[in-house]
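Let me begin by presenting the structure, written as C-alpha cells, before commenting on it.
Everything quoted here is computed from the prediction, not taken from an experiment.
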Amino acid sequence: MASSLAVQSSPTQTASFFMSSSSLSRCSFAHTSLSFNGPRTRIAPRNTIKCDISEPLNFVNGKPTIPVLNDRTLPKLLEYPRLGKTVSRKDIRLKLFSGTANPSLSQEIARYMGLELGNINIKRFADGEIYVKLQESVRGCDVFLLQPTCPPANENLMELLVMIDACRRASAKNITAVIPYFGYARADRKASFISCLFSTSIQIEFCCRQHLTQGRESIAAKLVANLITEAGANRILACDLHSGQSMGYFDIPVDHVYGQPVILDYLASKRIYSNDLVVVSPDVGGVARARAFAKKLSDAPLAIVDKRRHGHNVAEVMNLIGDVKGKVAVMVDDMIDTAGTIAKGAALLHEEGAREVYACCTHAVFSPPAIERLSSGLFQEVIITNTIPVAEKNYFPQLTVLSVANLLGETIWRVHDDCSVSSIFQ
C-alpha cells in the first residue's frame, strides 16, 4: 500500500504499539506498496514512494498524532502530487457527482483527483419522494456517482437509483455507480440446510422446520443488483463486498477494491514485534479474509473464534482455535454492525491471555448498541475506514478513522483511462 494514503483520526488516540527494530517494522511488511503509476494523459503520474518514514512522528503527551486529510500541512509520507492541482473540467469528459449519503468522502475523492464535484440538486418533497436534477450537461461524459447505501439504506439506495436515471436520461456515455458500502450485501443466499446434516438429534426437528420455510426467503443482494442495473448503470465500483459472490449478481462489470491495504499501512506505522502479533478471525466465515490479512503482516499466525449453538434456544458457545497468550491480537472483519460478535470474541481473547486486542474493519455500520460495546474497554483501539460516515456522537477515545478516498480516487482514474485496477494491489 502506498504509504501516502491519507489518514483520518479521531480527536484522541490512546493506543500505542511497542517500538522496535523487528522484522515487523514499517519497511518490513510483506504487503506490496501501492504505486499508482498507471498511464495518465491529463495529469502526470506520481513517483513511486517506498514504505519509509522520512520525518519523525509528532508526539503529544507521549502519544503519536495522526495527520488529518483536511490539514494542508501533511508530511511528505502522505503527500499526493494531485492534491491542490485542479484539472480543467472543459478538457476532460469525466464528471463526479455526489449523493447525500457521504459528502465528505466525495469531497476527498474529488480533491485527490484534482476535480470539482458536479453541480446536482437533490431534495425531498414533503411526502418523502426524492427529486434529482443535474445542473450541468453530462452528454457524452463518463459519469461517476458517489453514493454508499449505508443507513438509512432504503433512502440512500433510492437516491442512487434516481441519480442513475437522471444521468441516463441526460445522455451520459457511461455511468459508474461508486458504492463504497453496498447495503443488503449480507442477504446474499438462503439459509443453508447443509449444517443441519451435522446437527445433533435435538436440532433435527428445528432444522427441518427451517428447511420447510427456506424457500420463503429473499435474496435481496441480487434484487438490489438488478435495480441498479435496470436504472441504467453501466459499471459498479464497490469496496469490500461482504461476500465475493455478490459480484456475480450484477449483469454489468464490477470493480471490487479492498480497504485492507489502508489498514495495513496504518498498522505498519505503529511497529510491533512480529513474535507478539496474531491475527484473529471473529467467526469461521471470515477465515479467508483474516488469513489474507495475516499473510500481509509478515505471515503472522492466525487464530479463529469458533462460535457454535448446541441446540435450539441454547446459548452460544465460543471456543478459540489458536494461541493468543501474551500476544497482541488483531481482529479483522469486513464490517461492524452491532459489534456483538467482535465484542464477545474480544472478551474470549482476554480470557485466553491476550495482552491487547485491536479491532479492524472497513465498514463501520455501528448500529446500537455498538458504541457501548466497543468503548467498554475490551479494545485497545478500533480501526475503521470512512466508507460510512461516522456521526459525531459515535466517536469514542479508542476510535481511529482512516480514509479510503485516495484509493477510490485512483481506481476511478484507472477505470476512466481503461487501465488495470488489480495492479493497484500487486
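- Distance alone, capped at 3.5 Å, is enough to place a donor-acceptor pair between the Asn156 side chain and the Cys150 backbone.
- For Ala220, the side chain to side chain contact (heavy atoms under 4.5 Å, CB included) partners are Tyr184, Ala187, Ser218, not counting sequence neighbours.
- Heavy-atom contacts from other residues, nucleotides or ligands closer than 6.0 Å to CE of Met318 number more than 12.
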| Verdict with reasoning, Ile252 to Arg235, per side chain to side chain contact (heavy atoms under 4.5 Å, CB included) | CA-CA 6 Å; Ile252 54 178; Arg235 179 180 292 271; 5.6 Å; no
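- Thr385 places a side-chain N or O within donor-acceptor distance of the main-chain N or O of Thr362, the cut-off being under 3.5 Å.
- Between Tyr112 and Leu407, every side-chain heavy-atom pair lies at or beyond the 4.5 Å cut-off.
- Pairs of residues two or more places apart, or lying in two chains, never qualify as salt bridge (charged side-chain N to carboxylate O under 4.0 Å, His left out) while including a residue from residues 357-378.
- By the salt bridge (charged side-chain N to carboxylate O under 4.0 Å, His left out) test, Asp323 is found to be paired with no residue, residues two or more places apart in sequence or in another chain being considered.
- Contact check for Leu146 versus Ile412: side-chain heavy atoms found under the 4.5 Å cut-off.
- Listed for the Gln398 side chain is no donor-acceptor partner under 3.5 Å among the backbone atoms of Gly377.
- Residues satisfying the salt bridge (charged side-chain N to carboxylate O under 4.0 Å, His left out) criterion with Asp240, sequence neighbours excluded, are absent altogether.
- In this pair, His416 and Phe144 present their aromatic rings perpendicular. The plane angle is above 60°, beyond the 30 to 60° band.
- Legend: residues meeting side chain to side chain contact (heavy atoms under 4.5 Å, CB included) with Asn234, ordered by chain and number and at least two apart, are Asn174, Ile175.
- Residues passing the ring pair (Phe, Tyr, Trp, His ring centres under 6.0 Å) test with Phe250, sequence neighbours excluded: Phe182.
- For Ala359, the side chain to side chain contact (heavy atoms under 4.5 Å, CB included) partners at least two apart in sequence or on another chain are Ile342, Phe379, Val382.
- With sequence neighbours excluded, the residues satisfying side chain to side chain contact (heavy atoms under 4.5 Å, CB included) with Pro151 are Val365.
- With sequence neighbours left out, His256 forms a ring pair (Phe, Tyr, Trp, His ring centres under 6.0 Å) with Tyr258.
- Under the rule for a side chain to side chain donor-acceptor pair (under 3.5 Å), Thr229 has no partner lying at least two apart in sequence or in another chain.
- Using a cutoff of 4.0 Å between basic side-chain nitrogens and carboxylate oxygens, Asp255 and Arg414 are not scored as salt-bridged.
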Got a list of side-chain donor-acceptor pairs under 3.5 Å for residues 281-292, not counting sequence neighbours?
residue: Ser281; atom: OG; partner: Asp283; partner atom: O; Å: 2.5
residue: Ser281; atom: OG; partner: Gly286; partner atom: O; Å: 3.3
residue: Ser281; atom: OG; partner: Val287; partner atom: N; Å: 3.4
residue: Asp283; atom: OD1; partner: Gly285; partner atom: N; Å: 3.3
residue: Asp283; atom: OD1; partner: Gly286; partner atom: N; Å: 2.9
residue: Arg289; atom: NH1; partner: Asp333; partner atom: OD1; Å: 3.3

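- Among pairs with a residue in residues 142-164, those fulfilling salt bridge (charged side-chain N to carboxylate O under 4.0 Å, His left out) read Arg124-Glu155, Arg124-Glu159, at least two apart in sequence or across chains.
- Listed for the Asn102 side chain is a donor-acceptor partner under 3.5 Å among the backbone atoms of Thr387.
- Glu352 contributes no side-chain N or O that, together with a main-chain N or O of Val324, makes up a donor-acceptor pair within less than 3.5 Å.
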